[in-house]
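FYI, the numbering just counts along the sequence from 1.
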Amino acid sequence: MAGSCTIYTNMKFTAVEKLKERWLENSSRVYLEQWNEKFAKLVKKDEYVLDAGAGVAPYRHLFSFANYETADFEKLDKIHQPSTYICDLKSIPVEDERFHYIVFNQTMEHLPDPIAVLKEFRRILKPEGKIICTCPLFYEEHEQPYDFYRYTQFAHRYLFEEAAMEIESIEWMEGYFGTVGYQMECVYKYLPVKPAKFPIGILGWIVAPILIFVRYTSFILAGLFYRLDTRIRYTDSGMPKNYVVIAKKSSTSDAKKYNV
Ligand SMILES: C[S@@+](CC[C@H](N)C(=O)[O-])C[C@H]1O[C@@H](n2cnc3c(N)ncnc32)[C@H](O)[C@@H]1O
């Protein structure tokens, strides 16, 4: 009897968690898919594409018509798609100029030496080869201990130019509503609501109901802002959660100029 009660409670718990997850489905996933889909349209059949730092390779389906390969160091305790190359991105075991395109999503912040990796990308890209790089400006620490930086648009420009890559565009990936949604989600996830968590006596008991109200309101608002962001990509003020960079391998003469 106790067993079936536990199963029922667990099922209820899982269903509630699933509902919460669905409500907080973040708009970045939608935009990541859209930007990568647009990039995939540049690729011709049988051209070579590397997904660098592929993880579970969530955009593999967009490149199924091409020669799609993946590289990842697979050091984290998480599920990976088996990588074509298990390696550090600083040293990818392929010949020079193998790839027409590189897909580089949500990975640059995890690299201690991003310039070395961008130079390696330059080596393995064909002349005029292109890269899509999406990378957070505003996001909590994740995949620890391999989480090193957050990048402004100026940092992107600096790093790509240091590696003799020509920037074609730097844009906000989502709109500001996506960033607000994420901030609200963090409030919901992390705001302490138990008076015992802040030892300030009676004040704790006064503050606690306010924090509970803010926390649960933030849950509702997070889902609303994520949905709003998928409909209106507002970029006139605020800050992006991620930037998306499209860059091209510049000519050999440029590389000499940059000492690459
Ligand atoms: C946040 S995940 C992104 C995965 C995937 N690109 C995506 O968009 O979902 C970052 C990935 O980069 C890989 N990674 C981090 N540092 C790396 C390094 N120095 N060399 C190779 N892979 C690395 C991690 O194993 C992880 O799979």
Side-chain angles (χ1 to χ4, degrees), residues 25-74 78-111 114 116-136 156-157 159-161 163-174 230 233 242-255 260:
E25 206 166 75
N26 95 54
S27 52
S28 304
R29 282 286 148 211
V30 174
Y31 281 108
L32 275 163
E33 181 84 14
Q34 283 179 8
W35 283 103
N36 281 280
E37 197 176 346
K38 194 169 157 203
F39 188 73
K41 292 207 169 104
L42 303 174
V43 181
K44 296 193 188 76
K45 190 176 176 299
D46 296 333
E47 284 188 326
Y48 278 78
V49 177
L50 178 70
D51 192 336
V56 290
Y59 312 107
R60 175 189 292 272
H61 61 286
L62 299 174
F63 300 93
S64 54
F65 58 89
N67 283 305
Y68 171 88
E69 298 181 338
T70 58
D72 200 295
F73 68 178
E74 296 192 9
K78 64 168 196 177
I79 298 165
H80 292 85
Q81 283 277 320
S83 306
T84 318
Y85 308 106
I86 300 177
C87 61
D88 194 294
L89 296 179
K90 259 195 325 196
S91 177
I92 303 169
V94 299
E95 70 278 15
D96 293 356
E97 301 187 355
R98 177 176 176 81
F99 296 101
H100 297 82
Y101 295 94
I102 294 178
V103 176
F104 186 36
N105 286 302
Q106 309 294 286
T107 296
M108 195 154 80
E109 74 273 21
H110 299 289
L111 307 172
V117 171
L118 292 178
K119 285 183 176 171
E120 176 69 346
F121 288 171
R122 185 187 159 76
R123 179 186 75 77
I124 63 175
L125 267 178
K126 292 196 188 293
E128 307 286 301
K130 287 194 184 181
I131 172 166
I132 179 171
C133 168
T134 64
C135 183
H156 280 296
R157 194 163 292 284
L159 295 173
F160 277 88
E161 286 179 358
M165 305 273 261
E166 197 181 303
I167 300 236
E168 290 195 342
S169 62
I170 303 182
E171 288 187 56
W172 290 31
M173 194 177 89
E174 318 85 344
T230 59
R233 187 169 152 273
N242 289 273
Y243 279 111
V244 52
V245 179
I246 306 291
K248 187 172 80 175
K249 175 170 171 173
S250 43
S251 66
T252 316
S253 57
D254 280 347
V260 177

Participant: Enter the distance from I132:CD1 to E168:CD here, rounded to the nearest 0.5 Å.
Facilitator: 11.5 Å
Participant: Please name the pair of heavy atoms, one in P82 and one in T70, separated by the smallest distance, quoted to 0.1 Å.
Facilitator: O-OG1, 3.9 Å
Participant: Between CE of M108 and CG of L118, what distance do you get to the nearest 0.5 Å?
Facilitator: 5.5 Å
Participant: Please name the pair of heavy atoms, one in S27 and one in T230, separated by the smallest distance, quoted to 0.1 Å.
Facilitator: CB-CG2, 3.7 Å
Participant: Could you report the tightest heavy-atom contact between A163 and R122, atom names first, then the distance?
Facilitator: O-CD, 3.2 Å
Participant: Treating D72 as the side-chain partner and G55 as the backbone partner, does any N or O pair qualify as donor plus acceptor under 3.5 Å?
Facilitator: yes
Participant: Counting only N and O atoms by type, is there a donor-acceptor contact under 3.5 Å from the side chain of R60 to the main-chain atoms of D51?
Facilitator: no
Participant: Quick one: do W35 and N105 satisfy side-chain contact (heavy atoms from CB on, under 4.5 Å)? Show the steps, please.
Facilitator: CA-CA 10 Å; W35 283 103; N105 286 302; over 6 Å; no
Participant: How many angstroms lie between atom CZ of F99 and atom CD1 of I131, to the nearest 0.5 angstrom?
Facilitator: 12.0 Å
Participant: Would you mind reporting whether Q106 and N242 have side-chain heavy atoms less than 4.5 Å apart?
Facilitator: yes
Participant: Testing the basics here: between L62 and F65, what is the closest heavy-atom pair and its distance to 0.1 Å?
Facilitator: O-CE2, 3.2 Å
Participant: In chain order, what residues pass the ring-ring contact (aromatic ring centres under 6.0 Å, His included) check against H110, with sequence neighbours excluded?
Facilitator: H142
Participant: Evaluate the side-chain proximity of V43 to H100: yes if any heavy-atom separation is below 4.5 Å, no if none is.
Facilitator: no
Participant: Answer yes or no: is there a side-chain heavy-atom contact under 4.5 Å between R233 and Q34?
Facilitator: no
Participant: Kindly compute the distance separating NE2 (H156) from CD1 (I167), expressed to the nearest 0.5 Å.
Facilitator: 8.0 Å
Participant: Excluding sequence neighbours, so at least two apart, what forms ring-ring contact (aromatic ring centres under 6.0 Å, His included) with Y31?
Facilitator: none
Participant: Does K45 NZ have over 12 foreign heavy atoms under 6.0 Å away?
Facilitator: no
Participant: Taking the side chain as C-beta and beyond, is there a heavy-atom pair between V103 and Y68 under 4.5 Å?
Facilitator: no
Participant: For the residue pair A71 and L89, what are the closest heavy atoms and their distance?
Facilitator: CB-CD2, 3.9 Å
Participant: Run the side-chain hydrogen bond (donor to acceptor under 3.5 Å, both in side chains) test against E47 and tell me which residues pass, sequence neighbours left out.
Facilitator: none
Participant: What I want to check is whether the side chains of S83 and E74 have a donor and an acceptor closer together than 3.5 Å.
Facilitator: yes
Participant: Can you list the residues that meet the ring-ring contact (aromatic ring centres under 6.0 Å, His included) rule with F39, with sequence neighbours excluded?
Facilitator: Y101
Participant: Is the NZ atom of K126 crowded by more than 12 outside heavy atoms at less than 6.0 Å?
Facilitator: yes
Participant: The criterion is side-chain hydrogen bond (donor to acceptor under 3.5 Å, both in side chains); which residues satisfy it with E33, sequence neighbours excluded?
Facilitator: H61
Participant: Compare all side-chain heavy atoms of F104 with those of V245 and state whether any distance is below 4.5 angstrom.
Facilitator: no
Participant: With rounding to the nearest 0.5 angstrom, report the CZ to CG distance, F121 to L50.
Facilitator: 6.5 Å
Participant: Who are the side-chain hydrogen bond (donor to acceptor under 3.5 Å, both in side chains) partners of R98, not counting sequence neighbours?
Facilitator: E69, Y85, E95
Participant: Taking all atoms of both residues into account, what is the closest heavy-atom pair of S28 and M173, and its distance?
Facilitator: O-CE, 3.6 Å
Participant: Can you measure from CE (M165) to CD1 (I246) and round to the nearest 0.5 angstrom?
Facilitator: 11.0 Å
